[in-house]
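Encoded as structure tokens, the structure appears first; notes follow it.
A note on names: the letters A, B, ... follow the listed sequences, proteins ahead of strands, and every chain is numbered from 1.
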Number of protein chains: 2
Amino acid sequence: MTERPATPSSQDNPLVRKLSAFVRLSPNDVEVVAGMFRRRRNFAMGVELIHQGQVGQSAFVLASGWACSYKLLSGGTRQIVDFQVPGDFLGLRSVLFRTSDHNVEAVTTIQASEVTQRDLLAAFTETPRLATAVLWAASRDEAMVVEHLVNLGRRSASERMAHFLLELGARLRLVGMGNSTGFACPLSQYLLADALGLSAVHVNRVLRELREDGLVTFRRGRVEFRNYDALVDFASFDRAYLDHDGPLLS
Amino acid sequence: MTERPATPSSQDNPLVRKLSAFVRLSPNDVEVVAGMFRRRRNFAMGVELIHQGQVGQSAFVLASGWACSYKLLSGGTRQIVDFQVPGDFLGLRSVLFRTSDHNVEAVTTIQASEVTQRDLLAAFTETPRLATAVLWAASRDEAMVVEHLVNLGRRSASERMAHFLLELGARLRLVGMGNSTGFACPLSQYLLADALGLSAVHVNRVLRELREDGLVTFRRGRVEFRNYDALVDFASFDRAYLDHDGPLLS
DNA sequence: TGAGCGCGCTGACGCAGATCAGCATGTTGC
DNA sequence: GCAACATGCTGATCTGCGTCAGCGCGCTCA
């Protein structure tokens with residue numbers, strides 16, 4: 001079990017690591033990325049970093065803790081689009097669009113580095129490879145949103161939950177925060193409900209079902225995979241999902 | 001009613017127009033984009049342009065006709081992620097990832113220009129602003145997928161349908177293929193069902209309901225908005241959605 | 001001219017998951 | 001030491017949408 005936090009060193013930094021998976025970054029590129037990542041700020045649990053409808057928002061790069069992005073609907077309900085873990089961008093679209101189309105909220109206390117629109121666009125013109133790398137990262141995020149869409153559209157509540165927990169596990173493993181036996185998970189059943197398009201009551205029932213079937217348990221902030229293979233099978237989870245072996249652009 | 005098709009001229013070309021909404025393209029940039037757009041190919045209705053799981057796929061830029069991107073699930077069902085109309089990319093992610101994570105199929109007979117991975121990455125290094133522009137276009141696509149996610153997660157079947165038809169209308173208006181009274185729509189009720197996470201039977205019932213309530217009709221390949229304002233209200237559709245007034249990066 | 005088929009359309013019935021209502025625990029603050 | 005509250009958990013009931021089964025229309029092709 002290697003659950004180590006992100007470090008500010010430029011060699012081993014979750015964002016650099018993620019981008020390097022796609023483009024081979026020059027030392028200069030790495031320096032620019034690391035620069036964006038250096039100036040950390042702390043945010044308390046529950047703080048809103050990005051506001052739907054607001055103009056001229058910055059983006060952030062998450063250094064530690066969990067966040068979630070969501071959209072509010074008239075009627076007070078919300079749909080959580082995705083959770084973000086260290087190394088992920090927060091609110092990238094709110095920089096590229098004039099006004100933000102979603103909210104981002106800190107789920108735990110978090111550390112994040114602000115990236116202003118100026119910084120980002122300047123970095124793109126100075127180090128063009130970076131734009132390609134960020135395009136890749138954004139496409140990876142989109143691939144996850146698409147997978148969530150399939151989840152909501154075509155899977156039953158328990159398959160949905162199973163798939164979601166497997167996906168989170170896979171993402172956390174990539175940043176060294178979990179392994180195939182499980183991971184620490186600060187999400188409440190209410191958050192799960194908002195993400196999976198279910199009621200909190202039903203989330204509870206589904207978790208019980210998965211537990212009683214010996215597939216996964218989720219208790220006291222920890223997800224434990226009891227029978228990983230059976231769970232993968234049950235959720236029809238693609239093991240290759242999020243795997244990208246080696247840089248495409250070198 | 002101005003429903004004109006895309007023309008191959010570089011000044012008035014749906015892709016150039018779309019990208020220009022975000023970055024001010026130099027004449028050289030326009031030339032590169034137009035070059036990607038020149039070599040057209042025809043595809044028959046139902047042809048699969050991109051295959052899930054296949055490696056080294058090209059992308060395409062759609063010049064005329066409609067396409068759809070979808071994911072297949074074990075069990076034979078599918079979830080349509082989005083429909084594409086002229087000016088949209090087909091399978092951009094399948095170029096950025098080594099292996100494609102989705103399918104793209106021609107809904108009507110279509111014209112599309114192939115863009116290979118080499119072409120695209122070369123264009124990015126030669127004309128860096130293009131990478132930023134494409135990042136923006138990809139983010140716009142992601143914003144639509146997010147909206148579809150909200151649709152599936154939190155809206156009832158009839159709100160979902162209403163929102164979907166309004167979104168299609170807005171997109172088509174941007175490329176000059178419809179207006180606020182309606183648009184030509186080649187989608188079958190089966191396609192709608194696969195996109196909206198409903199059964200075809202229920203799609204039919206929902207369309208009847210919307211028709212009887214005097215909101216929209218969808219008959220013989222044509223969507224007619226009967227009461228646009230009421231429909232927008234019913235679907236809680238954001239009128240600013242997909243509006244981006246003027247380039248952000250000049 | 002009629003078989004075959006894709007697509008739109010409808011009624012009867014069943015079920016997954018929402019809603020409502022309530023209890024149990026642990027944590028925070030006075 | 002006990003409110004006040006957030007969160008987990010559970011049973012009873014209701015309902016939106018799926019499933020099944022079937023009809024009608026307009027094609028295309030022999």
Which part of the nucleic acid, if any, lies within reach of B:S199 when heavy atoms closer than 4.0 Å are counted: base, sugar-phosphate only, or nothing?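 B:S199: base contact, heavy atoms under 4.0 Å.
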
From [atom1] of [X] over to [atom2] of [N], roughly how many Å is that when rounded to an integer?
X: A:D194; N: D:dT7; atom1: CG; atom2: P; value: 12 Å
X: A:N151; N: C:dG17; atom1: CG; atom2: P; value: 12 Å
X: A:E159; N: C:dA16; atom1: CD; atom2: P; value: 12 Å
X: A:L187; N: D:dA6; atom1: CG; atom2: P; value: 19 Å

If you take all heavy atoms of B:S64 and B:P86, which pair is closest and at what distance?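 Where B:S64 meets B:P86 most closely, the heavy atoms are CA-CG, 3.9 Å.
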
Minimum heavy-atom separation for B:L196 and B:R160, please, with both atom names. O-NH1, 2.7 Å

Any idea which of C:dG8, C:dA18, D:dG18 is nearest the B:Q189 side chain?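 Of the candidates, C:dG8 comes closest.
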
Contacts under 3.5 angstrom, residues 208-216 of chain A side chains, donor-acceptor by atom type, not counting sequence neighbours:
none

How many angstroms lie between atom CD of A:Q54 and atom OG1 of A:T99, to the nearest 0.5 angstrom?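 Here the interatomic distance stands at 9.5 Å.
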
Going by heavy atoms closer than 4.0 Å, what residues in residues 200-221 of chain A are next to DNA chain C?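 When residues 200-221 of chain A is checked for heavy atoms under 4.0 Å from DNA chain C, the hits, listed by number, are A:V201, A:H202, A:R205.
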
Centre of A:F37's six-membered ring, under 6.0 Å away, within 45 degrees of the axis: is that where NZ or CZ of A:R39 sits?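 No, A:R39 does not lie over the aromatic ring of A:F37.
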
